[in-house]
Amino acid sequence: MLYSGGSIPEGQHLLLSLLLLTIWAAGNGELHYSVLEEAKHGTFVGRIAQDLELQLMELVPRMFQLDSKSHGDLLEVNLQNGILFVNSRIDREELCRRSAECSIHLEVIVDRPLQVFHVEVEVKDINDNPPVFPATQKNLFIAESRPLDSRFPLEGASDADVGANALLTYRLSPNEYFSLDVPPSHEQVKPLGLVLRKPLDREEAPELYLLLTATDGGKPELTGTIQLLITVLDANDNAPVFDRTLYTVRLPENVPIGTLVINTNASDLDEGVNGDIAYSFSSDVSPDIKSKFHIDAVSGAITVIGRIDFEESKTYKIQVEAIDKGFPPLAGHCTVLVEVVDTNDNVPQLTVKTISLPVKEDAQLGTVIALISVTDIDAGVNGQVTCSLMPHVPFKLVSTFKNYYSLVLDSALDRETVSDYKVVVTARDGGSPSLWATTSVSVEVADVNDNAPAFAQLEYSVFLKENNPPGCHIFTVSAHDADAQENALVSYSLVERRVGERALSSYVSVHAESGKVYALQPLDHEELELLQFQVSARDSGAPSLCSNVTLQVFVLDENDNAPALLGSGTGDVSLVVTQLVPWSVGAGHVVAKVRAVDSDSGYNAWLSYELQTSVGGARSPFRVGLYTGEISTTRALDESDSQRQSLLVLVKDHGEPALTATATVLVSLVESGQTPKTASRNLAGTASQEATLVDVNVYLIIAICSVSSLLVLTLLLYISFRCSAAPTQGECGSGKPMLVCSSAVGSWSYSNQRRQRVCSGEVPPKTDLMAFSPGLPPCPGSVEGVGEPPVVLDSPGKPRQPNPDWRYSASLRAGMHSSVHLEEAGILRAGPGGPDQQWPTVSSATPEPEAGEVSPPVGAGVNSNSWTFKYGPSNPKQSGPGELPDKFIIPGSPAIISIRQEPTNSQIDKSDFITFGKKEETKKKKKKKKGNKTQEKKEKGNSTTDNSDQ
């Protein structure tokens, strides 16, 4: 027999087809697909990249991600073709149980720019589950006295599928006693039952075996069976009857244990034992119901014994039996339907998925930091959730879809102000009272290199004494960087440049990590007074930032150079000179002059001369000028004076401690008619022979004087021509020439129209220097016969001490007038077409090739002091057009005159000065006969010139 509760529409058979339906819902922004459950691996679901309007080549660069939350990897996307396919087995019954609608929610996340898409994949049911009865066999006890049309309820089969696949039809095996009663679909509460169609006779048939078959509506059909064993009983012909066949009750969830659900009531028309009733749950009731509810066997009251949760089950259908105690016992049946009412007992649940952590401090506004989703399993208003963010943070929440939010950057970040944020997100439902939950998102701000290292000062001044030990620490620079990690790692380096002809790195170095500045070699104040350079501090960021600080190292002078006597040839600290003096000289006659120079500066170079008294204590007829070094007579000589006298002159500077040199002058008193002779001897270890004076030819003297007069006349004409020419403006200021003049006592005066500064690495300013021979009148402002350094009057009659920066001694000035002359041409030429430089060419006694070649000018006489200095092959420095020579050498002396210049913006503000430095000592001397003869001739000429000066 075939019994059906309803027909199956033909359209539902199309669900078995493998064609999938893709729908784009424009209203809510979701993409919908459908797929059959149990589909094989690789089954096509949809062209998700094309439907989302994403280019296939962008999927990998934009970091395409598919997130299915708790559903694992059921579905995947092929990044090569953008197709969504089945990755693993999908069981609809396991996924959604008995729910009519079943879908998988997917989130598609792409970056650059960040986009989030929502996709719903509906899982279609297939007929993969057969109908299942609660048991394989059911025993029924029916009294033979039961009337016809008596109904005996049966528990129907259940099908895990849904829709047409779960529509069941029942068929009872053919028999003559019972028929199958299937309630219509709108009476789903009424159970399946057997209806007695023919009276039972226990004696004829004490037991009956029937087979009940359930068939679903799927294609192909699946069936399930149960064996019915009917035992025919005697007597007790009235069964208990409930007052209602269906009880309905509404029960709030989470009610306390012991709460009464309902009282069921049944009655039996029989008397005695056949009328006593016992209540119980039907044997077909599930264990879950038995764990939550209890029925009292005597009263029929049903109470709660377990937790009732709306989210677990919304309804409970309980089958209740009332069985009498007759024999055979008879039973009555009813159904209790419990509807669970929802309460707001579940707090919202927040899920955070970070996207861009840590966040760079220069991130653009609107950058997505994290994705936040919130769920509440309560129903209705209790499940409606709103999210909010803690105040005073540079972030905000942006709702993207239903209960999905994005945490985005709302204002600019600065790591140096706040390095990290703890953002609290609060989710609150709409229940009464409302429930809320919070979660925190730690947002770390990543550093970018936006701060350069900073020094405490822009400039530092360091004072360092000369002759420092090599490698000594002179200063430490320190810079601070407000950034972090490698952006704050500061390294130090020198800003390389040239100091004169040498690199700055040959003077100083800086430690890259500590910033300590070291002097690599001893510094000499006489060579370098100010060393100005920059130290750069650079961080390790990308790109790196740097800043510079200026260091001014002032090299302080020490008294490390003893006075050097001129005329010894090597600048020794001792000298022996032989001088012939006529007896007829009067008081004040200059016998000789001791010349000395000190390479130091200031008071360390200020020289004074003292005449040491003899051992016997006899008064000497000679004295020495304190600052001129001139030895003169104090009275007229008489016969009581010794014919040979030895004068010991002590030359002392004003340094601390003072350094000295001694000169011994051997004075021989001779008659006026005798030929003057002179001899000199060097006490430094070089023995010199006494030169024999020769008679001076009167004609030679007249020739020399004539040549000198012509030279002086030429110089006067040339100077007047140059002075009458319009001055030109130079780089450093006025274009007026510097005049260096010699007075009768050898003092030097010069024009202060042009300031000469220390120049480090720059092209020196252009200027003119002119030197006059002793035959010219003294320059304006010079004092005749006074050899002391210039004295400036603070007030009438009160002299002021000499400037400590006066760079040469008075004795040197007194002797320079006979040491510097112009050539006959008076001009050094820079080259073809170059401008003429009005500089004197000077002589040098050094034979070293690297120092240059020294030769007298063509046509110069024996007594000529005009010499030409040429740079040697190993000395590449040549004065360019318009350049000022660094230094020139005084002929016949170990001194070098250096013209030191500084740019106008230099920080050393000192008066103009000329520095006298030592010449380099001759390392080798050639001894040849021809050289000795030439030397003798020069000594004779020099002696004649000295006598003429006296």
Side-chain angles (χ1 to χ4, degrees), residues 557 559 561-567 571 573-575 577 587-613 620 622-634 647-665 740-750 774 778-779 781-794 797-820 890 893-895 897 911 913-917 946 949-950:
D557 182 50
N559 193 23
N561 292 284
L565 295 169
L566 303 181
V573 295
S574 60
L575 176 69
V577 178
H589 176 75
V590 177
V591 176
K593 172 178 273 190
V594 178
R595 299 179 180 90
V597 66
D598 196 313
S599 298
D600 293 322
S601 63
Y603 281 93
N604 294 331
W606 186 17
L607 303 182
S608 61
Y609 301 83
E610 298 178 8
L611 187 61
Q612 300 295 311
T613 58
S620 173
F622 301 99
R623 65 178 178 86
V624 64
L626 179 61
Y627 297 113
T628 62
E630 291 181 347
I631 302 175
S632 60
T633 57
T634 59
L647 305 179
L648 181 62
V649 179
L650 178 67
V651 184
K652 181 172 63 175
D653 59 26
H654 289 72
E656 290 294 338
L659 301 179
T660 61
T662 58
T664 303
V665 179
V740 183
C741 308
S742 62
S743 65
V745 293
S747 63
W748 287 52
S749 62
Y750 53 92
C779 292
S782 64
V783 181
E784 184 73 23
V786 180
E788 286 76 16
V791 176
V792 180
L793 298 181
D794 290 334
K798 295 181 180 181
R800 191 172 61 189
Q801 286 296 331
N803 191 325
D805 286 333
W806 187 254
R807 305 304 299 268
Y808 50 89
S809 65
S811 62
L812 175 62
R813 297 198 309 274
M816 286 182 182
H817 70 278
S818 62
S819 301
V820 180
I890 300 175
S893 73
I897 299 180
S911 301
F913 55 83
I914 300 176
T915 302
F916 293 88
D946 291 340
D949 290 341
Q950 295 176 3

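The side-chain heavy atoms of Val597 and Pro563, taken from C-beta on, include no pair separated by under 4.5 Å. Side-chain contact between Val651 and Leu565 is present, with at least one heavy-atom pair separated by less than 4.5 Å. Between Val624 and Val594 there is no side-chain heavy-atom pair separated by less than 4.5 Å. Inter-residue side-chain proximity for Val649 and Ile631 is flagged as met; some heavy-atom pair is nearer than 4.5 Å. Counting heavy atoms from C-beta outward, Ser620 and Leu647 have side chains that approach closer than 4.5 Å. Inter-residue side-chain proximity for Leu659 and Asn559 is flagged as met; some heavy-atom pair is nearer than 4.5 Å.
In this structure, Ser608 contributes its side chain and Leu626 its backbone to no donor-acceptor pair below 3.5 Å.
Considering all non-hydrogen atoms of both residues, Leu611 and Arg623 come closest at CD2-CA, 3.9 Å. Residues Glu656 and Asn604 come closest through the heavy atom pair N-OD1, 4.2 Å. Of all non-hydrogen atoms in Tyr627 and His654, the two that sit nearest each other are CE2-CE1, 4.5 Å.
Under 3.5 Å, the side chains of Asp598 and Asn561 contain no donor-acceptor pair of N or O atoms.
Residues that satisfy the side-chain contact (heavy atoms from CB on, under 4.5 Å) test with Ala658, not counting sequence neighbours, are Lys652, Asp653.
With values rounded to the nearest 0.5 angstrom, Leu607 atom CG is found 14.0 Å from Arg595 atom CZ.
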Run the side-chain contact (heavy atoms from CB on, under 4.5 Å) test on Phe622 and Val591 for me, step by step, so that the C-alpha distance in whole Å, both residues' side-chain angles and the decisive distance to 0.1 Å come before the verdict. CA-CA 9 Å; Phe622 301 99; Val591 176; 3.6 Å; yes
